[in-house]
Amino acid sequence: MAENYNNGDNYGGGGSEGPNRRGGPDGPNRQNKSPKKKQTMIIIIIAAVITLIGSTIMSTLLENATTKEITYNEFLEMIEKDEIEKIKFTTTKIIITPKDSDEGYFKFTYWTTALNDDELLPKLNKTKIEYKGEVTDSQSSIVTFLLEWILPFAFIYFIMAMVFRRIGKGGGMMGGVGKSNAKIYVEKETGVTFRDVAGQEEAKESLKEIVDFLHNPGKYSSIGAKLPKGALLVGPPGTGKTLLAKAVAGEAKVPFFSLSGSDFVEMYVGVGASRVRDLFKQAQQSAPCIIFIDEIDAIGKSRDSKYGGNDEREQTLNQLLSEMDGFDTSKGLLILAATNRPDVLDKALLRPGRFDRRIIVDRPDMKGRVNILKVHSRNVSMDETVDLKKIALATSGAVGSDLANIINEAAINAVKNGRRAISQADLFESVEVVFAGKEKKERILSPKEKKIVAYHEVGHALVAVLEKKSVPVQKITIVPRTMGALGYVMHVPEEEKYLETKDEMLASIVGLMGGRAAEEIVFESVTSGAANDMEKATGLAKNMIARFGMSEKFGLMSLAKVENEYLDGSAHLDCSQETAAELDKEIRELLKKCYDRAKELLQSNRESLDKITEYLCQEETITGKQFMEIFKKLNPDFVEIKNDLAEELEEAVESVNSTEK
Ligand code: ADP
């Protein structure tokens, strides 16, 4: 239920899919030949066939309307009575035009089935009836031919072509199997430069060197230096790895080939390897250029059995390794790859001469976030209230794509409200939209539920105030958000922190327990709403004991290892089963202690809990200031620690609230 905004973990893994993930506004050029010509041809053929069939059907209909079937007897009778003008024999029919057959515009005819009648011709020769034969039913012959011969073949061809295209992903009928050109994106000019990437100064430094290699390969090779073949960009999703790779291409003014590791992986064995071959062939023709393989872990997973073997993937990886060894660096071909799971990569990929440079593209720090916000607000009008530093402080843990999104949401919000520039309040509002979703005003909670949520959120906030002795929150709300929270408390830290003390971590756990504790005290029952709190509290407790050496029982021993530090950062136990069981017990005890502490704090401040909750139920969203006013009236002795940013934030929240009303 509660979203704790000062906890970087909340942002984990957010926003990997940036809006400009691939291709910019100018769009990537697919390597396929333009299919336009082909399309026009197909349309012409279809139109011709439709016209032909249509006209034949029309004439058949007309014929049916003006032709009547008669019996053979009647036909013979007509001959006797001399009522016939002329006769036409086809293979199956006898078509009879009677005398006086004009019925308005159309000629009226009869027909009857041709029988094996030897006497018919001598009979006709005795009369003046004109007769002639025709080999087939000319009207339907083309249609019959089309239906019986061309159409089935066309259909089979169409199906086969589709199947082969699926297998080969491009190319013609058979020759295209394994061609990679359907998925490679090539940009002649990415148009991105290092100026567009902020907050990744170290990464930029290392890559600038590489740009120089591409510019002047001769300078390095002349003194015998080997040029690097590839660099691996490592970091969480959304931190700007793709952007950096594009910037390298943009700075070096060389073409940019990009594709994702998963594009190589196919159901059919051997296709991935042939795609790799094809990619390198194409790239070498356009050298100097940059190949960017996103999410290389999809093919580069370690070949040992730990992560599950896969023949196709291994073949693809082997091909990649041999291509990397094979190409000539002096041509200026550079391979950049990105991953957020460096730990699973095959060691052979990281060997010197392959991806020997590892460039860390981590979550930006405070200064980095300010710079990223600046980059993205370059073309956005902002009024004088905007202070990007404060936004950066409020978004600890956010990655570049989150920040880009925040500026964009704020701009949309300003336009929606008819303003020409974005304000600080817009920005704070969009911080919430990006991390908690939009307000879901149509979701109506029952009065009982609303009360439970309100107690839960005030429980969090009150415990935080009492434990941390500072204004804990900028905003408490029980308006549900689209990303699932029924209510939440927004925290902003006073400053960016890289280290947390044991006491601070304990206080955080107590704060997380505040919601559940309030529910239990007031309603004597608990709800499902605390799941997220429990998860976070357990994670924190586990880290304290198993990784940070903060428990007396286990002392300074590390019992867990983080395997995917760039994704959710969750730790996996690395100890015996007995120790794991003891560890669980220790975690449970720590959590219980924190829960009891939260309960104790709330019980001794029951009046504040009730009064503030009542007010929250009435208002739905309150600021930290309003919270503190009520709290201080009831606890006049309480001395808080000042937090300038918190006050500023509250003003922003207030101004958003007042414009909404
Ligand atoms: P990744 O490849 O690491 O998942 P992207 O490079 O695709 O991330 O980033 C997505 C979008 O987020 C970018 O197009 C850009 O708009 C924004 N972005 C991410 N990191 C940065 C950064 N360091 N500086 C500026 N913009 C960034």
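One-based numbering along the sequence shown. Ligands are counted one by one from 1 in listed order, and the atoms in each one are counted from 1 as well.
Considering backbone and side-chain atoms alike, Gln200 places every N or O at 3.5 Å or more from each N or O of ligand 1. Between Thr242 and ligand 1, an N or O atom pair is found at a separation short of 3.5 Å. No N or O atom of Val197 sits closer than 3.5 Å to an N or O atom of ligand 1. Polar contact check, Ile372 against ligand 1: no nitrogen or oxygen pair lies under 3.5 Å apart.
Put simply, part of Ala198 is less than 4.0 Å from ligand 1, judged by heavy atoms. Under a 4.0 angstrom heavy-atom cut-off, Lys246 registers as lying outside contact with ligand 1.
Residue contacts with ligand 1, taken as heavy atom pairs separated by less than 4.0 Å, do not involve Leu233 at all.
Scored by the side chain to side chain donor-acceptor pair (under 3.5 Å) test, Asn371 finds no partners at all (sequence neighbours excluded).
Residue Asp196 has at least one heavy-atom neighbour below 4.0 Å for each of these atoms of ligand 1: 24 (N), 25 (C). Under a 4.0 Å criterion applied to the non-hydrogen atoms of Gly400, ligand 1 contributes the atoms 12 (O), 17 (C), 18 (N), 19 (C), 20 (N), 21 (C). Within ligand 1, counting atoms from 1 as listed, the ones closer than 4.0 Å to a heavy atom of Pro237 are 4 (O).
With hydrogens and angles disregarded, a donor-acceptor distance shorter than 3.5 Å links the side chain of Lys229 to the backbone of Asp325.
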### Task
Using the side chain to side chain contact (heavy atoms under 4.5 Å, CB included) rule, take Val380 and Ile422 through it: C-alpha gap first, then chi angles, then the decisive distance, then the call.
CA-CA 8 Å; Val380 177; Ile422 62 175; 3.8 Å; yes
### Query
Which is it for Lys390 and Asp387 under the salt bridge (Lys or Arg N to Asp or Glu O under 4.0 Å) test, yes or no, and what are the steps along the way?
CA-CA 6 Å; Lys390 299 210 160 116; Asp387 182 348; 3.5 Å; yes
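Under the salt bridge (charged side-chain N to carboxylate O under 4.0 Å, His left out) criterion, the residue pairs touching residues 210-220 are Asp212-Lys219, with sequence neighbours excluded.
Side-chain contact between Pro288 and Leu333 is absent, with no heavy-atom pair separated by less than 4.5 Å. Phe292 has its side chain out of reach of Phe257: every pair of non-hydrogen atoms, C-beta onward, lies at least 4.5 Å apart.
No side-chain N or O of Ser423 forms a donor-acceptor pair with one of Asp383 less than 3.5 Å apart.
Closest to atom 4 (O) of ligand 1 by heavy atom, among Gly240, Gly238, Ala203, is Gly238.
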